[in-house]
Number of protein chains: 2
Amino acid sequence: MSKCEQCIVRQFSSLKHLSKEELLRMSACKTSKTVKKGEVLFEEGEHINGVFCIKEGVCKVSKISENGRNQIISLIQPGNLLGERSLISDEASNLKAVALNDMEVCFIPKDEIVKDLEKNSAFAMGVLKDMAKSLKSADNLVVDMAQKTVKQRLAETLLHLHSKFNTDNEGNINIYLSRDDIANIIGTATESAIRLLSDLKKKKIIEFKGKNITILNKDELEKIANGF
Amino acid sequence: MSKCEQCIVRQFSSLKHLSKEELLRMSACKTSKTVKKGEVLFEEGEHINGVFCIKEGVCKVSKISENGRNQIISLIQPGNLLGERSLISDEASNLKAVALNDMEVCFIPKDEIVKDLEKNSAFAMGVLKDMAKSLKSADNLVVDMAQKTVKQRLAETLLHLHSKFNTDNEGNINIYLSRDDIANIIGTATESAIRLLSDLKKKKIIEFKGKNITILNKDELEKIANGF
DNA sequence: CTAAAAAACTGACAAATATCATATTTTAAG
DNA sequence: CTTAAAATATGATATTTGTCAGTTTTTTAG
């Protein structure tokens with residue numbers, strides 16, 4: 001079993017504040033698993049009883065609205081933790097997580113995390129900072145959802161995806177989402193998302209072949225996102 | 001100067017985890033002030049450098065979208081803290097706070113809070129729980145904003161306001177918001193909010209005289225909020 | 001009390017978006 | 001390779017919501 005010390009999650013998450021001994025204990029009680037594309041990490045309403053460390057792959061975190069439509073709240077990348085919120089509130093999860101591609105994750109049981117939170121104040125502050133960051137982006141998302149048009153939100157989403165997932169310096173968006181997923185991120189009907197994507201393509205602002213989307217004119221996309 | 005020990009904010013916020021000595025120190029470095037209706041507690045982009053304890057009155061917390069429209073994110077009641085998020089991220093505030101009526105608040109400087117956060121893990125866990133709660137409701141709000149119609153959001157907002165602000169057992173909503181504020185909570189044009197309020201009145205689901213709104217048929221309002 | 005300003009309201013119309021129906025293309029399974 | 005299923009795409013239309021213009025009511029300042 002690999003030690004947590006070298007793990008990408010340790011480098012990028014609040015786990016970096018853990019000491020060697022704490023990591024060793026964590027390493028001893030963690031479980032690793034692979035999650036195939038399309039599989040569910042946890043359901044809405046499920047008691048997770050721990051946190052997931054995302055080592056490889058990406059998952060979408062979503063929630064079903066009372067209308068029965070699915071809203072994707074965020075995409076979680078390698079290096080991040082998942083499930084902190086529910087762990088801290090000591091509640092069932094309010095969200096569902098599904099793998100977008102094949103994943104490698106570790107699961108750390110709740111007790112272990114709570115113990116460290118209480119003893120290691122740097123770790124607690126780290127988690128607090130992560131949560132504060134999530135809260136800020138959630139607030140921003142609320143404003144966007146409430147005030148921006150679907151067209152603006154699509155432009156903004158493409159820019160977000162680009163800055164989060166591009167590996168080269170091109171305009172390629174290196175994450176492959178279905179039109180349905182894109183619609184569920186921006187909160188619109190699938191047909192509307194498709195139509196607006198086609199518009200952007202016609203105007204040479206983006207290019208795409210299937211799920212492979214490339215941004216051709218970033219400035220223009222930014223203008224659209226800001227309402228011009 | 002009043003001691004923090006008996007304060008309503010201590011009873012209801014994470015400050016309840018502070019010891020007597022910690023409270024005394026806090027009491028010594030805090031400043032009290034009154035904020036008149038309509039006055040600004042802090043602006044978007046301002047460095048707050050501390051947290052506000054809300055002893056009396058209500059304030060609205062909002063953010064201007066790129067479109068120039070104002071979105072109210074939440075209403076803060078007596079007993080709550082305000083400004084924790086920015087303090088923990090060590091950033092300027094991303095939100096603006098304005099008094100909805102005359103307020104009594106205390107201000108606790110940042111250093112004092114940070115000191116206690118690092119030393120008192122129960123306090124840190126309390127703040128963490130508050131933040132987790134805020135994050136959950138922000139996520140829910142995102143879903144509502146993205147997926148619900150304006151009519152649904154209005155119905156839901158009226159129900160929220162009622163459960164948060166009713167003092168008697170009647171359907172009265174004991175907080176007085178302008179039509180503009182209501183529109184800025186649900187994320188719509190003022191005229192749309194007015195029209196939908198009038199519709200609900202015509203259908204005898206609510207009653208209102210000016211800003212004084214009463215829910216007549218809660219069941220029906222719940223149905224509307226859930227899309228029927 | 002009165003005038004001016006602000007807030008609430010209403011109607012007409014335009015724009016954005018959802019829905020439904022259907023066609024085409026891509027993907028997956030045998 | 002072939003066929004069925006799923007995803008993507010497009011058109012027509014209905015619904016929702018925003019915008020603008022104007023009226024009425026309420027609030028505020030003097």
Side-chain angles (χ1 to χ4, degrees), chain A residues 36-39 60 65-71 98 100-102 144-157 176-203 206-213 224-225 227-228, chain B residues 36-39 60 65-72 98 100-102 144-157 176-202 206-213 224-225 227-228:
Chain A
K36 294 264 174 218
K37 177 177 173 173
E39 282 180 7
K60 53 181 175 182
S65 83
E66 272 107 344
N67 297 10
R69 297 170 70 162
N70 197 31
Q71 179 65 36
V98 177
L100 267 178
N101 40 41
D102 292 352
D144 284 351
M145 289 298 182
Q147 302 284 3
K148 290 192 166 181
T149 65
V150 174
K151 193 188 285 186
Q152 286 180 287
R153 282 182 267 155
L154 173 61
E156 193 162 50
T157 297
Y176 304 107
L177 297 165
S178 69
R179 300 293 187 265
D180 202 46
D181 281 340
I182 293 176
N184 292 342
I185 290 173
I186 67 186
T188 191
T190 309
E191 295 96 323
S192 299
I194 289 173
R195 257 183 261 274
L196 292 171
L197 280 169
S198 297
D199 283 358
L200 291 176
K201 190 182 193 176
K202 251 178 233 153
K203 290 175 186 153
I206 65 171
E207 232 316 283
F208 59 81
K209 192 162 194 310
K211 294 182 174 57
N212 197 336
I213 303 177
I224 293 171
F228 299 105
Chain B
K36 294 265 173 217
K37 177 178 173 173
E39 281 180 6
K60 54 182 174 180
S65 82
E66 271 107 343
N67 297 9
R69 295 169 71 164
N70 197 31
Q71 179 65 37
I72 296 178
V98 177
L100 266 178
N101 41 41
D102 292 352
D144 284 351
M145 289 298 180
Q147 302 284 4
K148 291 193 167 181
T149 64
V150 174
K151 192 188 287 186
Q152 286 180 287
R153 282 181 267 153
L154 173 60
E156 193 160 50
T157 297
Y176 304 106
L177 297 165
S178 69
R179 299 293 188 265
D180 202 46
D181 281 340
I182 293 176
N184 291 343
I185 291 172
I186 66 186
T188 191
T190 309
E191 297 95 323
S192 300
I194 289 173
R195 257 183 263 273
L196 292 171
L197 281 169
S198 298
D199 284 357
L200 291 176
K201 189 182 194 176
K202 250 179 233 153
I206 64 171
E207 233 316 285
F208 58 81
K209 194 160 194 309
K211 295 182 173 57
N212 196 336
I213 302 176
I224 292 171
F228 298 105

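Side chains are part of it too, since the values below use all heavy atoms of this structure and drop only hydrogens, waters and symmetry mates. Note on naming: letters A, B, ... go to the chains in the order of the sequence lines (proteins, then strands), and numbering restarts at 1 for each one.
The only member of I186(B), T188(B), I224(B), V150(B) that meets side-chain contact (heavy atoms from CB on, under 4.5 Å) when paired with L196(B) is V150(B).
For the pair K211(A) and dT26(C), the criterion of a side-chain N or O lying under 4.0 Å from OP1 or OP2 is not met. Distances shorter than 4.0 Å separate some side-chain N or O of S192(A) from OP1 or OP2 on dA18(C).
The heavy-atom pair separating A155(B) from A225(B) by the smallest distance is CB-N, 3.7 Å. L197(B) and F208(B) get closest at one heavy-atom pair: O-CE2, 3.6 Å. Taking all atoms of both residues into account, the shortest heavy-atom contact from R179(A) to K211(A) is NH1-CA, 4.1 Å. In terms of heavy atoms, N67(B) sits closest to Q152(A) at OD1-NE2, 2.8 Å. Of all heavy-atom pairs spanning D144(B) and E156(B), the tightest one is OD2-OE1, 2.6 Å.
For the pair N212(A) CG and dT27(C) C1', the interatomic distance rounds to 16 Å; values are reported in whole Å. The separation between I213(A) atom CD1 and dA9(D) atom P is 9 Å, rounded to whole Å. Atom C1' of nucleotide dG18(D) and atom CD1 of I186(B) are separated by 13 Å, given to the nearest angstrom. Residue Q152(B) contributes atom CD, which lies 11 Å from atom P of dT16(D) at whole-angstrom precision. At whole-Å resolution of the value, CD in Q147(B) and P in dT16(D) are 16 Å apart. When the P atom of dT10(C) is taken as reference, atom CG of L196(B) falls 12 Å away, rounded to whole Å. In this entry the distance linking CG of D180(A) with P of dT8(D) reads 8 Å, nearest Å. dA7(D) atom C1' lies 18 Å from atom OH of Y176(A), rounded to whole Å.
Comparing T188(A) and K209(A) by the nucleotide of DNA chain C that holds the closest heavy atom to each, the one mapping nearer the 5' end is T188(A). Toward the 5' end of DNA chain D, the nearer of the two residues A189(B) and K37(B), judged by each one's closest nucleotide, is A189(B). Nearest-nucleotide mapping onto DNA chain C: of K201(B) and R153(A), the residue sitting toward the 5' end is K201(B). Each of K148(B) and L177(A) was matched to the nucleotide of DNA chain D holding its nearest heavy atom; the match closer to the 5' end belongs to L177(A).
Contacts classified as salt bridge (charged side-chain N to carboxylate O under 4.0 Å, His left out) and involving residues 185-200 of chain B (residues at least two apart or in different chains) are not found.
Below the 3.5 angstrom threshold, one finds a donor paired with an acceptor across the side chain of E191(B) and the base of dC20(D). One cannot find a donor-acceptor pair under 3.5 Å joining the base of dG18(D) and the side-chain atoms of R195(B).
Within 4.0 Å (heavy atoms only), S198(B) reaches sugar-phosphate atoms of the nucleic acid but no base atom.
Nearest to the side chain of T149(A), among dA16(C), dT8(D), dT19(D), sits dA16(C).
With contacts defined as side-chain heavy-atom distances shorter than 4.5 Å, the pair L154(B)/I182(B) qualifies.
Over its full length, the helix from dC1(C)-dG30(D) to dG30(C)-dC1(D) turns its helical axis through 60°, comparing axes from the five pairs at each end and rounding to 10°.
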